[in-house]
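Just below is one structure, and these are the notes that go with it.
Since the structure is predicted, the reported quantities are computational estimates derived from the model, not experimental observations. Along the sequence shown, residues are numbered consecutively beginning with 1.
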Amino acid sequence: MSSNSDNEENVEVQLSAEAEKEQHKIVTSLLRPKIENEAKAGPALDFEEFVDERILISKDLGGKKEMKIKILEVSDENQKSQIRWKFGSRAKINKILITIKHLETQQVEESEFDIEAIEKELVKKRHYSSSNRWVPVNDIKNGYVVGSRHNSLTCDAVALDYITF
């Protein structure tokens with residue numbers, strides 16, 4: 001009789017295991033579209049909006065510091081005269097936030113600069129200015145200036161020893 005009861009227990013275990021598998025398939029099939037939609041949605045970032053962080057950073061000659069410039073204020077001068085310049089659409093930058101990271105110590109320095117005021121100060125003190133606050137719109141990515149334009153934005157501040165980079 002024990003073999004008969006063992007067979008019944010095996011059949012019950014098999015039935016419960018099959019029922020559990022069937023239930024798992026049903027739940028999975030119901031949840032699969034939701035999971036796939038969430039996976040597809042992900043962060044809503046188009047290819048055109050993607051910006052590689054490396055193009056926003058410039059490094060010093062020794063490779064010990066990295067600089068990143070965020071635009072805080074843009075002059076409305078360009079909006080007043082909706083003229084397309086012969087060199088393309090440009091924005092005139094007034095204020096920036098400079099972040100310098102020291103790679104050896106991981107120390108981060110941030111400072112806000114009024115480029116317009118610095119330019120006027122340099123003209124008054126030295127009778128010239130070397131800055132170019134006009135930045136092509138294509139060189140502005142997510143509110144940051146690409147690394148190749150950092151020198152033109154910071155040259156007056158460097159000349160007045162506000163920045164040592």
Side-chain angles (χ1 to χ4, degrees), residues 24 27-165:
H24 185 320
V27 170
T28 304
S29 66
L30 291 173
L31 292 177
R32 184 175 305 273
K34 183 179 178 183
I35 293 169
E36 287 174 353
N37 287 339
E38 288 176 2
K40 286 179 187 175
L45 184 67
D46 292 338
F47 181 75
E48 291 82 28
E49 294 175 354
F50 174 75
V51 177
D52 188 4
E53 190 77 14
R54 293 176 290 184
I55 67 168
L56 302 177
I57 294 173
S58 62
K59 294 186 178 194
D60 70 333
L61 190 59
K64 296 179 181 180
K65 298 178 188 176
E66 291 181 344
M67 181 179 358
K68 194 172 183 182
I69 298 178
K70 181 176 178 76
I71 298 173
L72 297 178
E73 184 181 309
V74 177
S75 173
D76 61 348
E77 188 174 317
N78 195 24
Q79 286 95 16
K80 288 179 185 175
S81 62
Q82 290 291 323
I83 302 170
R84 275 203 46 103
W85 299 85
K86 70 179 184 178
F87 298 115
S89 295
R90 299 181 295 164
K92 190 173 185 180
I93 311 298
N94 285 345
K95 291 184 180 180
I96 57 174
L97 177 71
I98 297 179
T99 305
I100 296 177
K101 180 178 180 181
H102 299 267
L103 297 176
E104 293 174 337
T105 62
Q106 299 300 313
Q107 179 186 2
V108 177
E109 298 177 54
E110 282 190 342
S111 187
E112 184 177 322
F113 287 93
D114 185 347
I115 300 176
E116 186 176 24
I118 291 173
E119 184 179 48
K120 288 176 184 176
E121 182 181 349
L122 189 66
V123 168
K124 185 190 290 185
K125 287 183 176 181
R126 309 257 173 95
H127 305 293
Y128 79 96
S129 171
S130 58
S131 72
N132 181 6
R133 297 187 294 138
W134 290 97
V135 176
V137 176
N138 294 338
D139 289 347
I140 301 172
K141 308 288 184 189
N142 296 338
Y144 288 90
V145 179
V146 296
S148 61
R149 295 285 175 183
H150 289 180
N151 283 340
S152 65
L153 284 175
T154 60
C155 59
D156 284 349
V158 170
L160 291 171
D161 293 326
Y162 290 141
I163 301 173
T164 52
F165 187 72

query: Partners of E116 by side chain to side chain donor-acceptor pair (under 3.5 Å), sequence neighbours excluded?
result: none
message: According to side chain to side chain donor-acceptor pair (under 3.5 Å), who are the partners of E66, at least two apart in sequence or on a separate chain?
response: none
Please list, one pair per line, the donor and acceptor atoms closer than 3.5 Å that link side chains of residues 158-165 to other protein atoms, with sequence neighbours excluded.
| residue | atom | partner | partner atom | Å |
| --- | --- | --- | --- | --- |
| Y162 | OH | E121 | OE1 | 2.8 |
| Y162 | OH | E121 | OE2 | 2.8 |

- prompt: From L153 CG over to F113 CZ, what is the distance, rounded to the nearest 0.5 angstrom?
  reply: 12.0 Å
field: Pairs flagged by salt bridge (Lys or Arg N to Asp or Glu O under 4.0 Å) wherever residues 136-159 is involved - sequence neighbours left out
entry: D139-R149
- prompt: Roughly how far apart are W134 CH2 and K92 NZ, rounded to 0.5 Å?
  reply: 5.5 Å
task: Measure the CG-CD distance between L103 and Q106 for me, rounded to the nearest 0.5 Å.
output: 6.5 Å
- prompt: Any idea which heavy atoms bring N94 and R133 closest together, and the distance?
  reply: OD1-NH1, 2.8 Å
field: Residue pair A91 / V74: nearest heavy atoms and the distance that separates them
entry: CB-CG1, 4.0 Å
query: Rounded to the nearest 0.5 Å, what separation is found between the CD1 atom of I71 and the NZ atom of K95?
result: 14.0 Å
field: Listed partners of K101 passing salt bridge (charged side-chain N to carboxylate O under 4.0 Å, His left out), at least two apart
entry: none
message: To the nearest 0.5 Å, what is the distance between CD1 on I69 and CD1 on I96?
response: 4.5 Å
Please tabulate, for the side chains in residues 56-63, all donor-acceptor contacts under 3.5 angstrom to protein atoms that are two or more places apart in sequence or on a different chain.
| residue | atom | partner | partner atom | Å |
| --- | --- | --- | --- | --- |
| S58 | OG | H150 | ND1 | 2.7 |
| D60 | OD1 | G63 | N | 3.0 |
| D60 | OD1 | K64 | N | 2.7 |
| D60 | OD1 | K65 | N | 3.0 |

message: If I take atom CD1 from residue I115 and atom CG from residue L122, how far apart are they, to the nearest 0.5 angstrom?
response: 13.0 Å
